[in-house]
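Labels below follow one simple rule: chain letters A, B, ... track the order of the sequence lines, proteins then strands, and each chain is numbered from 1. Remember, it's a predicted structure, so these values are computed and weren't measured experimentally.
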Amino acid sequence: MYAQMVKSEGMKSLDEMSPEERAFQERIDRGEKIEPRDWMPEGYRKTLIRQIGQHAHSEIVGQLPEGNWITRAPTLERKAILLAKVQDEAGHGLYLYCAAETLGVSRDELLEKLHSGKMKYSSIFNYPTLTWADMGAVGWLVDGAAIMNQVPLQRTSYGPYSRAMIRICKEESFHQRQGYHIMMKLARGTEAQKRMAQDALNRFWYPSLMMFGPSDKDSVHSAQSMAWKIKMNTNDELRQKFVDQTVPQAEYLGLTVPDEGLRWNDEKGGYDFTEPDWSEFFEVIKGNGPCNKERLGARVQAWEGGAWVRDGLMAHAKKHAAAKLAAE
Amino acid sequence: MPSLPDMMTKLDPSGAAGGSASAAPAPADALFEALLRLGDSTLILGHRVSEWCGHAPVLEEDIALANTALDLIGQTQLWLGLAAEVEGAGRSADDLAYLRDAWDFRNLLLVERPNGDFGATLMRQFLFDAWHQPMLKGLEGSSDPRVAEIAAKAGREVAYHLDRSADLVIRLGDGTDESHRRMQAALDDLWPYTGEMLTPDATDAAMAEAGVMPDLTAIARDWHALVGDVLAQATLARPDGSYMHKGGKQGTHTEHLGYILAEMQFLQRAYPGAEW
């Protein structure tokens, strides 16, 4: 998930490649994994850093919209499940920063780029979570869209990224089931709960479709990433798959997907649906989403407000290393 | 308008309005009260710690704080579940958590203190863990097997909480000048809230007498020894003041608890009877 519009370098044909680049591409074509110590083109390394970094940032910013409801969760069990989920997300952030570090970039460098706005996180986390039903919708739709993207990435060419994805996918599918369960409770609950569930679907439907990134015809960076097996499917393929999977789930809940253009197309064996408003997507990416300022502001504040803690821990470690050395 | 009685005149000589703490409660009531003290304290501390989600100084601490909160909420389910069973009034753990008002809560005042900076959150956690760990150890030997079972499970989690909070208090106390100053300030602020958990009242005495719960005076000895040792390693000065706030265990709270409950109970109060 969580990787949108990741820039990658220009595409070369096998003939245009240097012998090293060619050997590298042939390894990928044979389905071999690239490991941190292996030679790799600079473009491959940079693109991966952008993509894994963006994914890691999304996980840690993604704690905020759900963290927003932990203190208001309606039962002790729901509170525990939500806490476990947000903890998992922080854990995913950790694996992914570690995977990025194998490419020669530190977590602090990546965070600096997030805080200064040079790196992005997924557009979805710039939408607010306004009711409890949003905890259901986020699990069902947002994690659902993430899984759609991440399952193929388990086979990505870069070993550490692939292994991180395998772990993450296991937990994400659990999250999605929990989200759907929240929706089910609401959809079978009181009138007010049903309204709450429908309202959440209305607000999260199109932002979830945007998670796959712009339409293929406007997606300029896909070809090289796909050749490198950093990206396994096109944006439109995944979006279609997501709609096809999600519409029957909404029907089962008795909820209405907020798209009058939605209908089954026998010929293609999938649904026809209305594209999201891409001008809204580009505004959110530019920083004009409903929560961009709060989300990034919260992260920057956590980082800056916590500087004394990190400095204190480092100072303690240094003192004690020095004391230990002196004692030897 | 009728004239008001003299403010200094006792309205009810039996003292029913005040809820006297000196009279020994009946055994079942005492057990219910004592279980609420445990479950409400883990609930309110879990709530406070969960407020940090996504805002910690470093990613590893986001994970540790969420994990601590999760443990505490899990323990709450067990303690309040048992309290509800002991009460026998058909209430559930969720009913107790979500449908009581502040005066019916029995948590320690310490755990409702606001988070403050990371240092204050950490110091509050350490002062609580240093009580919680020996308390659970004592509870493992409870004459009530249901209590012993919960304590054994919770004890494994809390041993880790104490390791972490003590370690971080030492590192930050003996870190930079700023981290030292902040940790000392947190300790000075929170110290007057530590007396309550170490001083037995009639309910605590009845529970110790029945062998259900450990004697708090013994817990207090362990607490002082451990806290003294950690503060010394952390180069922090134990505050001189001996004045201690109390009242949480009997249901007289600080102003903060009302806001915690308003937030925590919002959905249950706004949609009565709904299932989630």
Search all heavy atoms of A/Ala90 against all heavy atoms of B/Leu59 and return the closest pair with its distance.
O-CD1, 3.7 Å
Under 3.5 Å donor-acceptor, A/Arg299 side chain and B/Gly54 backbone
yes
Shortest non-hydrogen contact between B/Ala66 and A/Leu83, atoms and distance
O-CD2, 4.0 Å
Verdict with reasoning, A/Leu313 to B/Leu168, per side-chain contact (heavy atoms from CB on, under 4.5 Å):
CA-CA 8 Å; A/Leu313 296 175; B/Leu168 284 172; 3.8 Å; yes
For the interface with chain A, which of B/Asp117, B/Asp94, B/Ile73, B/Asp71 has the highest count of heavy-atom pairs at distances below 4.5 Å?
B/Asp94
Note: vs chain B, highest number of non-hydrogen pairs under 4.5 angstrom among A/Lys185, A/Gln63, A/Gln87 is A/Gln87
One pair to check against side-chain contact (heavy atoms from CB on, under 4.5 Å): A/Thr75 and B/Glu275. What are the steps and the verdict?
CA-CA 9 Å; A/Thr75 67; B/Glu275 282 186 35; over 6 Å; no
One option among B/Glu60, B/Glu51, B/Arg48 has the most heavy-atom pairs under 4.5 Å with chain A, and it is B/Glu60
For the backbone of B/Asp174 and the side chain of A/His316, can you confirm whether one donor and one acceptor N or O come within less than 3.5 Å of each other?
yes
Suppose a student defines contact as a heavy atom less than 4.5 Å from any heavy atom of chain A. Which residues in residues 259-266 of chain B would they list?
B/Glu263, B/Met264, B/Phe266
Other residues, nucleotides and ligands only: do more than 12 of their heavy atoms fall within 6.0 Å of CD on B/Glu149?
no
If you measure from NZ on A/Lys79 to NE2 on B/His47, what distance do you get to the nearest 0.5 Å?
6.0 Å
So how far is it from A/Leu76 CG to B/Leu43 CG, rounded to the nearest 0.5 Å?
6.0 Å
Between A/Ala302 and B/Ala56, the two heavy atoms sitting closest are CB-O, 3.7 Å
How long is the gap from OH on B/Tyr271 to OG1 on A/Thr190, to the nearest 0.5 Å?
8.0 Å
About how many Å separate CD1 of A/Ile70 and SG of B/Cys53, when rounded to the nearest 0.5 Å?
3.5 Å
As an exercise: rank A/Glu66, A/Glu77, A/His181, A/Glu89 by heavy-atom pairs under 4.5 Å with chain B and give me the winner.
A/Glu77
Sort B/Tyr98 into side chain, backbone, both or neither according to what part of it lies under 4.5 angstrom from a heavy atom of chain A.
side chain
Under 4.5 Å from any heavy atom of chain B, what part of A/Met135 do you find: side chain, backbone, both or neither?
neither
Could you measure the distance from the NZ atom of A/Lys85 to the CG atom of B/Leu70? Nearest 0.5 Å is fine.
14.5 Å
Name the region of A/Arg107, side chain, backbone, both or neither, that has any atom closer than 4.5 Å to a heavy atom of chain B.
side chain
Counting only heavy atoms closer than 4.5 Å, note whether A/Val309 contacts chain B via side chain, backbone, both or neither.
both
Side chain, backbone, both or neither: which part of A/Glu304 has a non-hydrogen atom closer than 4.5 Å to chain B?
neither
Which portion of A/Leu186 sits near chain B, non-hydrogen atoms under 4.5 angstrom:
side chain
Ranked by heavy-atom pairs below 4.5 Å to chain A, first place among B/Leu72, B/Asp177, B/Asp62, B/Ile63 goes to B/Ile63
Can you give me the closest heavy-atom contact between A/Arg78 and B/Trp276, atom names plus distance?
NE-O, 2.7 Å
Could you tell me the separation between the CH2 atom of A/Trp308 and the OG1 atom of B/Thr176, rounded to the nearest 0.5 Å?
8.0 Å
Show the nearest heavy-atom pair for residues A/Pro74 and B/Gln268, with the distance to one decimal.
O-NE2, 2.8 Å
From CA spacing to verdict: side-chain contact (heavy atoms from CB on, under 4.5 Å), A/Asp311, B/Ser179:
CA-CA 8 Å; A/Asp311 293 346; B/Ser179 72; over 6 Å; no
Can any side-chain N or O of A/Arg310 pair as donor or acceptor with the backbone N or O of B/Pro57 at less than 3.5 Å?
yes
Look at B/Glu61, B/His180, B/Gln77, B/Glu178 and state which one has the largest set of heavy-atom pairs under 4.5 Å with chain A.
B/Gln77
